[in-house]
**Student:** 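Could you have a look at this structure, given as C-alpha cells, before my questions?
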There are 2 protein chains.
Amino acid sequence: MSIKHAILGFLSWKPFTGYELKKWFADSLSFHWSGNNNQIYGTLIQLHKDGLVTNEIVAREKYPDRKVYAITQAGFDELRAWLGSGAELPRLRADFHIRLAWADMLGDEELHTLIGAYESRLRNQILMCRETLRRGQAEPARTPRETLLWNAVAERNAAVYEDELAWAGALGEKLGRLRLDGSRDVAREDMK
Amino acid sequence: MSIKHAILGFLSWKPFTGYELKKWFADSLSFHWSGNNNQIYGTLIQLHKDGLVTNEIVAREKYPDRKVYAITQAGFDELRAWLGSGAELPRLRADFHIRLAWADMLGDEELHTLIGAYESRLRNQILMCRETLRRGQAEPARTPRETLLWNAVAERNAAVYEDELAWAGALGEKLGRLRLDGSRDVAREDMK
DNA sequence: CAAAGCATGTAAGCAGTTACATGATTGT
DNA sequence: ACAATCATGTAACTGCTTACATGCTTTG
C-alpha cells in the first residue's frame, strides 16, 4: 500500500491541488498519513509522469498560483484495478506492545504508571475520533452507500482505540490481581 | 519506534546470534517485522558501534561461525530508559479501509466479493494466532508476570483480527440491508 | 506585530522490504 | 536430486518523516 491510490481516490471525486490533498490527509483520523509535502507533491509529479493525472496551473491575484490536478481515464482505470485486487491483512503497529514484552524489568509501580499514561493517551484520541464522527460525515456523501462506507471506516478506527483502552484496563487489573496473589514484599511496596 | 529496542530486549534475556534473532522476528505473529537480514544484521553492527552490545565469534566444525551478541550495561540502561519513555499511539494500517473509502465505484456484487475475500483472509490469520496461543506461551516465561504480559500481547494481537472480522461482517450486513431498501434494479441484479 | 493560512517545492534521512551472494550439511 | 537449515552479509529500493526555503495575505 502506498499513498498513490488514496490520492487517485480523492481525485476521482473532483480535482484538487496538492495543498488541498495535504490537508485531507493531515486532518483525517482514519487515514494514517502525516500529509507531508514531500510525499504528496512528489507522488503527484509521478502520477503526472505516468499519465494518471493532468494538471492545470491557475494563476490568481494576491495568492500563489494553484496547480489543480485532475484524474485521467488511465488514472481511473488504475484506481479501479487496485480496488479489485486483494487487500493486505491489517497491521496494528503498537509500540506499547513491544515495550510490554520487556516490561518485566520494571517495578509494579512503574509498570502501572506506564499503562495509565497509555490509557490516558488513548482516551484523548477516542474523544477526538468521537467528536469528528459526531460532527457529521460531511465527507464525500454522494450516495447513501458511500456515506455508509466512510462512516464504517471512521467507526472502526475509533473502535480500535476503544478496544485497546479496554484491553489495557483489563491488563492493569490482571497485573493488580497477580500482585495481590504474589509476595507480601510487593504488597508492602504498594503502600509507598 | 524501530527494531533496535526489540533486539536489545531479546538480548536482555540472553545472548543471541543475528540468525536466531531473525527467526524470532520472522516467526512472531505479535511483532510485526519481516525478520529480514539487512535490518537485523545492520542494526546489530550499529548497536555494537554504539557500545550497547558486545559480540564474540564462536567457530564450529561443519557449520558456519556464529557471531554471538550480548547486551552491555549501557545497552541495558538504554533499554530501561526506552521502556520508561512514553509510548506512541497504536496505529492500524489497513489497506482495506483505504480501499473501502473509494469502493462506491464498485457494483454490489463486486463489493460483496471483496469483503468476503477479506473476511476469509482474516479467518485464516485468526486460526494461526489461536493455534500459536493454544500451543502454549513457551516464550521467555521467567516470571508469572512476564508470562502474563506476553500472553496479553498475543491475545490482543489475535483480538484485533477477530474484531476486524466482526466489523467486516457487520458492514456486509449493513450493505445488504441498504441494498434491499434501495432500487428494485439492484435487487434484480442480485439474481444474476 | 506576530501567528496562521495559502501555495509550491527540496534536502536529508529513517525504517523497512525483497532479492542477491556464498557455501557447507542435513533431511526427504 | 532437491529442498531446507545453518549462518553472515550486501545492494537496491519503497514509503514515509521532519525540517528547510520562499513569499504574500489575512486574522487575532
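Bear in mind the structure is a predicted one, so any value in this text is a computation, not a measurement. Just so we're on the same page: letters track the sequence lines, and every chain starts at 1.
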**Student:** Mind calculating the distance between CH2 (A:Trp33) and P (D:dT14) to the nearest angstrom?
**Tutor:** 17 Å

**Student:** So does B:Ser34 get a side-chain nitrogen or oxygen closer than 4.0 Å to the phosphate oxygens (OP1/OP2) of C:dT17?
**Tutor:**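 It does, given that an N or O in the side chain of B:Ser34 lies less than 4.0 Å from OP1 or OP2 of C:dT17.
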
**Student:** In whole Å, what is the span from the NE2 atom of B:His5 to the P atom of C:dG16?
**Tutor:** 12 Å

**Student:** From the options C:dT25, C:dC6, D:dC16, select the nucleotide whose nearest atom is closest to the side chain of A:Pro64.
**Tutor:**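 From the listed options, C:dC6 comes nearest.
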
**Student:** So does B:Asp65 reach the base of D:dT8 with its side chain, donor to acceptor, closer than 3.5 Å?
**Tutor:** no

**Student:** So, does B:Thr17 get its side chain near the phosphate of D:dT8, meaning an N or O under 4.0 Å from OP1 or OP2?
**Tutor:**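 Indeed, a polar side-chain atom of B:Thr17 lies that close.
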
**Student:** Would you kindly give the CD1-to-P distance between A:Ile7 and D:dG15, to the nearest whole Å?
**Tutor:** 12 Å

**Student:** Looking at B:Ala103 and B:Leu111, what are the two nearest heavy atoms and their distance?
**Tutor:** CB-CD1, 3.8 Å

**Student:** Using a cut-off of strictly less than 4.0 Å, decide whether B:Tyr41 has a side-chain nitrogen or oxygen near OP1 or OP2 of D:dG9.
**Tutor:** no

**Student:** Scan B:Tyr63 against the nucleic acid and name what it touches under 4.0 Å (heavy atoms): base, sugar-phosphate only, or nothing.
**Tutor:**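 Sugar-phosphate only.
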
**Student:** Given that A:Lys4 and B:Tyr69 both sit by DNA chain D, which one's nearest nucleotide is further toward the 5' end?
**Tutor:**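 Counting from the 5' end, the first nearest nucleotide belongs to B:Tyr69.
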
**Student:** Hey, which of these two, B:Asn38 or B:Arg91, hits DNA chain D nearer its 5' end, going by closest nucleotide?
**Tutor:**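 Final value for this comparison: B:Asn38.
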
**Student:** A:Arg91 side chain to B:His32 main-chain N or O, any donor-acceptor pair under 3.5 Å?
**Tutor:**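 Checked: pair present.
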
**Student:** D:dT17, D:dC6, C:dT25: which one has an atom nearest the side-chain heavy atoms of A:Gln39?
**Tutor:**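 Looking only at heavy atoms from C-beta outward on A:Gln39, the closest nucleotide is D:dT17.
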
**Student:** Please determine whether any donor N or O and acceptor N or O are separated by less than 3.5 Å between the side chain of A:Asn36 and the base of D:dA19.
**Tutor:**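 Flag unset: no donor-acceptor pair detected.
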
**Student:** Rounded to whole angstrom units, what separation is found between the OH atom of A:Tyr19 and the P atom of D:dG23?
**Tutor:**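 From A:Tyr19 OH to D:dG23 P: 18 Å.
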
**Student:** Can you check the B:Ile57 CD1 to D:dT8 P distance for me, whole Å?
**Tutor:**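 Atom CD1 in B:Ile57 sits about 10 Å away from atom P in D:dT8.
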
**Student:** With distance as the sole criterion, is a donor-acceptor pair present between the side chains of B:Tyr69 and B:Glu56 under 3.5 Å?
**Tutor:** no

**Student:** Rounded to whole angstroms, how far apart are CD on A:Gln46 and P on D:dG15?
**Tutor:** 10 Å

**Student:** How many whole angstroms separate atom CD of A:Glu20 from atom P of C:dG9?
**Tutor:**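 One finds 14 Å between P of C:dG9 and CD of A:Glu20, rounded.
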
**Student:** Any N or O donor-acceptor pair under 3.5 Å from the base of C:dT10 to the side chain of A:Asn37?
**Tutor:** no

**Student:** Using a heavy-atom cut-off of 4.0 Å across all strands, would you classify B:Lys23 as base, sugar-phosphate, or nothing?
**Tutor:** sugar-phosphate

**Student:** Indicate, with yes or no, if the rings of B:Trp24 and B:Trp33 have centres closer together than 6.0 Å.
**Tutor:**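 B:Trp24 vs B:Trp33: aromatic centres not under 6.0 Å.
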
**Student:** Under a 3.5 Å distance rule, please check whether A:Ser85 uses its side chain to pair with a backbone N or O of A:Trp82 as donor and acceptor.
**Tutor:**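 Here the side-chain-to-backbone pair exists.
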
**Student:** Decide if the gap between the ring center of B:Trp150 and the ring center of A:His97 is smaller than 6.0 angstrom.
**Tutor:** no

**Student:** Taking atom P of D:dG15 as reference, at what distance in whole Å does atom CD1 of A:Ile3 sit?
**Tutor:** 11 Å

**Student:** Just checking B:Lys22: base, sugar-phosphate only, or nothing, at a heavy-atom cut-off of under 4.0 Å?
**Tutor:** nothing

**Student:** Ignoring the backbone of A:Arg93, work out which of C:dT8, C:dG16, D:dC6 is nearest its side chain.
**Tutor:**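 Side chain of A:Arg93 sits closest to C:dG16.
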
